[in-house]
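Below: the structure, in structure tokens.
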2 protein chains.
Amino acid sequence: MNKLFKALDDPTRRKILDILKKSDLSAGEIVQQFSMTAASISHHLTVLKNADLVLAEKRGQQVFYSLNTTVFQDLIEWIYSLKGEEK
Amino acid sequence: MNKLFKALDDPTRRKILDILKKSDLSAGEIVQQFSMTAASISHHLTVLKNADLVLAEKRGQQVFYSLNTTVFQDLIEWIYSLKGEEK
DNA sequence: TAGATATTTAGAATATCGTCTAATTATCTA
DNA sequence: TAGATAATTAGACGATATTCTAAATATCTA
């Protein structure tokens, strides 16, 4: 849970998630959406990957990233447990 | 949204929310649940308050804190929008 | 009113985080 | 195979965060 909240606590990383909502993208295509070096974006992708928020799949030279929505269920349950509701 | 995610990105603050789930507590009562100075807890309470995650009410010498669950709705909607579901 | 209690604020020390440049690794293709 | 392209890793730097001690503020009560 720690890694999840840390991963979400950055506007760039949240924007990456938002972009991936529309379609899977390669690292390079993600970089194009930001005014930031590829190294920085790569770092953010690593954080998202370690929090299981995205999946990475290498295809040739490129690495394609996609949203992994399964983790959001944990987050939703955490929220509802605070709200004191069942689900 | 920025402040919300930042506020949630700390184990101490998340534990405070969890403690407040059971009952409203004064700042001092919250401090007792941690091995940390009152000043540090006060700082965390300020962060939570600024993110609208808790409400503070002064009663005499004491300040009582309570969960403000209304903000969680924003978070839930943010998650569902990423998951691509209506609600 | 004086002292005690509850809480917050100020300021400093240390750790963590986000970003960069430069170098490295892996893959493709002429 | 050599060079080009895609992406990551390493290391450094500045900014931000967390925690502490000490001091300040507000309220209660003897």
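Chain letters run A, B, ... following the sequence lines, proteins first, then strands; residues in each count from 1.
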- Query: Rounded to whole angstrom units, what separation is found between the NZ atom of A/K49 and the C1' atom of D/dT8?
  - Reply: 9 Å
- Note on the structure: Quick note, A/A39 side chain, CB onward, closest among D/dT8, D/dT9, C/dC17 is D/dT9
- Message: Quick one, A/F72 with A/W78, criterion ring-ring contact (aromatic ring centres under 6.0 Å, His included). Give me CA distance, side-chain angles, the key distance, then yes/no.
- Response: CA-CA 10 Å; A/F72 290 122; A/W78 180 86; over 10 Å; no
- Message: Taking 4.0 Å as the cut-off, does a side-chain nitrogen or oxygen of B/H44 come that near to OP1 or OP2 on D/dA17?
- Response: no
- Message: Quick check on C/dT19: is either OP1 or OP2 less than 4.0 Å from any side-chain nitrogen or oxygen of A/S40?
- Response: no
- Message: Quick check for you: among C/dA6, D/dT21, D/dT18, whose closest atom lies nearest to any side-chain atom of B/T37?
- Response: D/dT21
Show me the donor-acceptor pairs, under 3.5 Å and distance only, between side chains in residues 56-63 of chain A and residues at least two apart or in other chains.
unit_1, atom_1, unit_2, atom_2, d
A/E57, OE1, A/R59, NH1, 3.1

- Item | Strand contacts (DNA chain D) in residues 11-35 of chain B, 4.0 angstrom heavy-atom criterion | B/R13
- Of the listed nucleotides D/dT8, C/dT19, D/dT21, the one nearest the side chain of A/L45: D/dT8
- Distance below 4.0 Å between B/Y65 side-chain N/O and C/dT8 OP1 or OP2: yes
- Item | Whole-Å distance separating the CE atom of B/M36 from the C1' atom of D/dC20 | 11 Å
- Integer-rounded Å distance: C/dT5 C1' and B/K58 NZ: 12 Å
- Note on the structure: Of D/dT18, C/dG18, C/dT27, the nucleotide closest to the side chain of B/H43 is D/dT18
- Ranking A/A38 and B/A56 by the position along DNA chain C of their nearest nucleotide, the one closer to 5' is B/A56
